[in-house]
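This report refers to the structure that appears directly beneath it.
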Amino acid sequence: MPDSDIRLRFSPAPTGYLHVGGARSALFNWMYARHTGGTMVLRVEDTDADRSRPELIDAIHDSLGWLGIDWDEEYRQSDRFDQYRAAAASFLDQGLAYRCDCSQDDVKARNDARADGVTGYDGHCRDRNVQPGEGVVVRFRTPDEGVTGWDDLIRGRVEFENAVLEDFVIVRSSGVPLFHVANAYDDLDMNITHVVRGEDLVNTTPRVLLMRAALIAGGHVPAVGGEPVAQPIYAHLPLIVNEQRKKLSKRRDDVAVGDYRAKGFLPEAMRNYLLTLGWGPKDGEEIRPIEEFVEVFELSDINKAPAFFDVKKLEHFNSEYIRALPLDEFIALATPHLGDIDTELFARLAEPVQGRVKRIEEAPNFLQWIVGDAPEPEAKDWKKVMGKDKVSEVLDLVIARLADCDWNPETLEALVFGVGEELETKTQLPVRLALTGSRAGIPLFEPMAEMDRAVVIGRLTAARAKLDAAPNDADGPTS
RNA sequence: GCCCCCAUCGUUCAGUGGCCUAGGACACUGCCCUUUCACGGCAGGAACACGGGUUCGAAUCCCGUUGGGGGUGCCA
């Protein structure tokens, strides 16, 4: 049971997978619902039969669930068409709406003929008393004067002149109501007290407010809680933008929550990062348990300016969360990504990997060289490491001693470092590069001991041969 | 075109008239730790878009300019 009468809703349209913008809207709604002990409603806005895909509802549930965002009630607008039609009918009865048989071409042609540059619907059918029929829509008649506005929790007072609001369509010619009628009706009927959504919806707000007033005037009583309030409290979230500062688009940007999940981001990291886009705790501690954020979260503290979705910073959050994982959990999460790497082998070497990955998916990259061929070293790495003095001697000596030494990490480390002491040089880097193909990586000797002696010697010998092929050539083999 | 909105380091959050010679985080650079990398530590560069007001005092309030974004569908 909720501790307060506060009710919020997240209203996705199932026309695509849940993307990061939607996820953040859902998150902010959820944060405030949990902060206030209110009710979180999930309302699927599937009024557009052509674009809605029912199977995507499951995908949205999945993504939300993955992020740990839960809800207390769920509705589908497609179950409620009759109620929206009744609402539209009441507008018609009240003289607040009328039927219109103008085609879109008609409207456009009339606008083109005008000199004043006005582009919206011109009210042509307002008094024509059009009867129901083919190609007939219902339009809401907007007032000719006055203003419609609200006090936005994030943006302050926002007002629109009613005169600039065109008579908009509320019922399609197919008889199916449009989203904003559904929106106005449901927010009232479900007694939503706080509407938290993206800034791209600001301009539909006056329409919704006008219809809400008409609904209340028509005597509609909310199904929940009884008393209708004149207006819910609105909070329009700043958009999440791409590097071009444009609203994130499913087309050009990589934004589906499911994609981030697949790439090895942890839900806690994703949620935590999303929360810092447009909002931040006063004390600056931005990575911490969600409960602590819930406690201090306030809608009115949200920023007005759009925020760029920075994958680099997300990765930082993610590596923090990965490092905080119990080792066995990390192993369990990484195992599906292993490919041809043996799970037992991985389990033995998982700890140093855990400390280095930014995304779970990267785990095998740190071990691939053990089971497969070592990648060709980068030319500049080769030059930097193999161009040094004494490298040939180091490799020769290591190769020779590897032939019949004990085969365990301690012995191998002592052997390689021992050569270094004898020759008064550092030996790890050339051995590492020859073995792994890279200058960077997990500590060397544990994984080295996991390999076959012959393979190790083979790789070192090959590197040594490469040195011979380009003697005293600091530019290395690729020059 | 019309309507609405936004503007602090490269990015993000803090800052709500004096505590700001503007702080934290990410990214970047250098040093330390370490015979690799990463982690960690230290240091560094880096911003109040511009112009006018208001005020004893402005990143914070007002106006304008510039720049950016959103909307302008029988999509949501």
Side-chain angles (χ1 to χ4, degrees), chain A residues 11-16 22 45-48 50-52 100 102-104 107 116-121 135-139 152 154-156 158-161 163-166 168-180 182-183 197-206 236 238-239 241 243-247 273 275-287 301 303-317 319-320 323 352-358 366 385 413 416-417 420-421 425-433 436 438-444:
Chain A
S11 312
T15 55
E45 306 220 325
D46 53 352
T47 53
D48 184 346
D50 292 339
R51 296 201 315 150
S52 290
C100 165
C102 298
S103 72
Q104 294 178 74
V107 176
D116 57 9
V118 169
T119 56
Y121 180 69
V136 173
V137 300
V138 178
R139 288 185 184 271
D152 197 286
I154 297 173
R155 312 181 167 257
V158 182
E159 288 184 337
F160 288 78
E161 302 257 356
V164 306
L165 266 24
E166 64 180 293
F168 52 92
V169 175
I170 56 177
V171 181
R172 297 169 168 91
S173 54
S174 65
V176 177
L178 270 112
F179 79 99
H180 32 25
N183 206 284
R197 25 121 90 143
E199 192 198 337
D200 49 346
L201 273 332
V202 196
N203 70 104
T204 73
T205 307
H236 285 97
L239 264 14
V241 297
E243 42 285 77
Q244 281 83 240
R245 296 258 128 204
K246 303 250 196 253
K247 176 177 148 183
Y273 174 65
L275 196 51
T276 65
L277 250 30
W279 181 83
K282 305 281 182 214
D283 63 11
E285 272 296 322
E286 45 185 19
I287 297 182
D301 290 335
N303 254 159
K304 295 192 251 210
F308 168 63
F309 188 82
D310 186 357
V311 177
K312 279 249 175 66
K313 187 146 183 177
L314 205 211
E315 285 185 333
H316 172 255
F317 276 48
S319 46
E320 293 274 327
R323 275 197 293 278
V353 174
Q354 180 181 14
R356 267 155 262 254
V357 291
K358 292 193 168 73
F366 288 86
V385 174
E413 176 168 351
V416 172
F417 286 177
E421 273 168 42
T425 183
K426 291 183 180 176
T427 53
Q428 181 178 172
L429 228 28
V431 173
R432 175 180 286 276
L433 193 67
T436 74
S438 168
R439 299 177 59 202
I442 59 171
L444 188 60

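Residue numbers start from 1 in every chain, and the chains themselves are labelled A, B, ... in the order their sequence lines are given, proteins ahead of strands.
Scanning for salt bridge (Lys or Arg N to Asp or Glu O under 4.0 Å) contacts around Glu315(A) gives Arg359(A), with sequence neighbours left out. By the ring pair (Phe, Tyr, Trp, His ring centres under 6.0 Å) test, Tyr273(A) pairs with Phe309(A), Phe317(A), sequence neighbours left out. Qualifying ring pair (Phe, Tyr, Trp, His ring centres under 6.0 Å) partners for Phe308(A), counting only residues two or more places apart in sequence or in other chains: none. Under the rule for a salt bridge (Lys or Arg N to Asp or Glu O under 4.0 Å), the partners of Lys247(A) that lie at least two apart in sequence or sit in another chain are Asp200(A). With sequence neighbours excluded, the residues satisfying side chain to side chain donor-acceptor pair (under 3.5 Å) with Ser11(A) are Arg9(A). With sequence neighbours left out, Phe168(A) forms a ring pair (Phe, Tyr, Trp, His ring centres under 6.0 Å) with Phe140(A), His180(A). Under the rule for a salt bridge (Lys or Arg N to Asp or Glu O under 4.0 Å), Glu166(A) has no partner lying at least two apart in sequence or in another chain.
Separating the CG atom of Asp310(A) from the P atom of C9(B) is a distance of 15 Å, rounded to the nearest angstrom. Taking atom CD on Glu286(A) and atom P on G15(B), their separation rounds to 14 Å, with Å as the unit. One interatomic measurement links the two molecules: CG of Leu277(A) to P of C26(B), which rounds to 16 Å at whole-angstrom precision. Between Lys282(A) atom NZ and U12(B) atom P there is a gap of 18 Å when expressed in whole angstrom units. Nucleotide C2(B) holds its C1' atom 12 Å from the CD atom of Glu161(A), rounded to whole Å. As a whole-Å value, the separation of Lys358(A) NZ from A27(B) P is 7 Å. Atom pair Leu275(A):CG and A25(B):P shows a separation of 19 Å (rounding to whole Å applied).
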Quick tally for nucleotides 63-73 of chain B: nucleotides whose base has a protein heavy atom under 4.0 Å get B, sugar-phosphate-only ones S, the rest -, giving ------BSS--

Readout for nucleotides 31-49 of chain B: B = base within 4.0 Å of protein heavy atom, S = sugar-phosphate only, - = neither; 5' to 3' it is ----BBBSSS---------

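Base engagement by Gly135(A) is indicated by at least one non-hydrogen atom pair under 4.0 Å involving a base atom. Using a 4.0 Å heavy-atom distance criterion, Glu159(A) is classed as a sugar-phosphate-only contact. Using a 4.0 Å heavy-atom distance criterion, Asp301(A) is classed as a sugar-phosphate-only contact. When heavy atoms are screened at a 4.0 angstrom cut-off, Phe179(A) is found touching base atoms of the nucleic acid.
In this structure, Lys313(A) does not reach the U11(B) phosphate: none of its side-chain N or O atoms is under 4.0 Å from OP1 or OP2. Listed pair Thr276(A) / A25(B) fails the phosphate criterion, with no side-chain N or O lying under 4.0 Å from OP1 or OP2. Taking side-chain N and O atoms only, Asn303(A) has no distance below 4.0 Å to OP1 or OP2 of U12(B).
Gly120(A) and Val107(A) make their closest contact through O-CG1, 4.3 Å (heavy atoms, listed as atom of the first residue, atom of the second, distance).
Panel note: side chain Arg245(A), backbone Val241(A); no donor-acceptor pair is recorded below 3.5 Å.
Residue-to-nucleotide proximity on RNA chain B shows that, of Trp279(A) and Val158(A), the 5′-proximal contact is made by Val158(A).
Checking C3(B), U12(B), A76(B) against every side-chain atom of Val164(A), the shortest atom distance belongs to C3(B).
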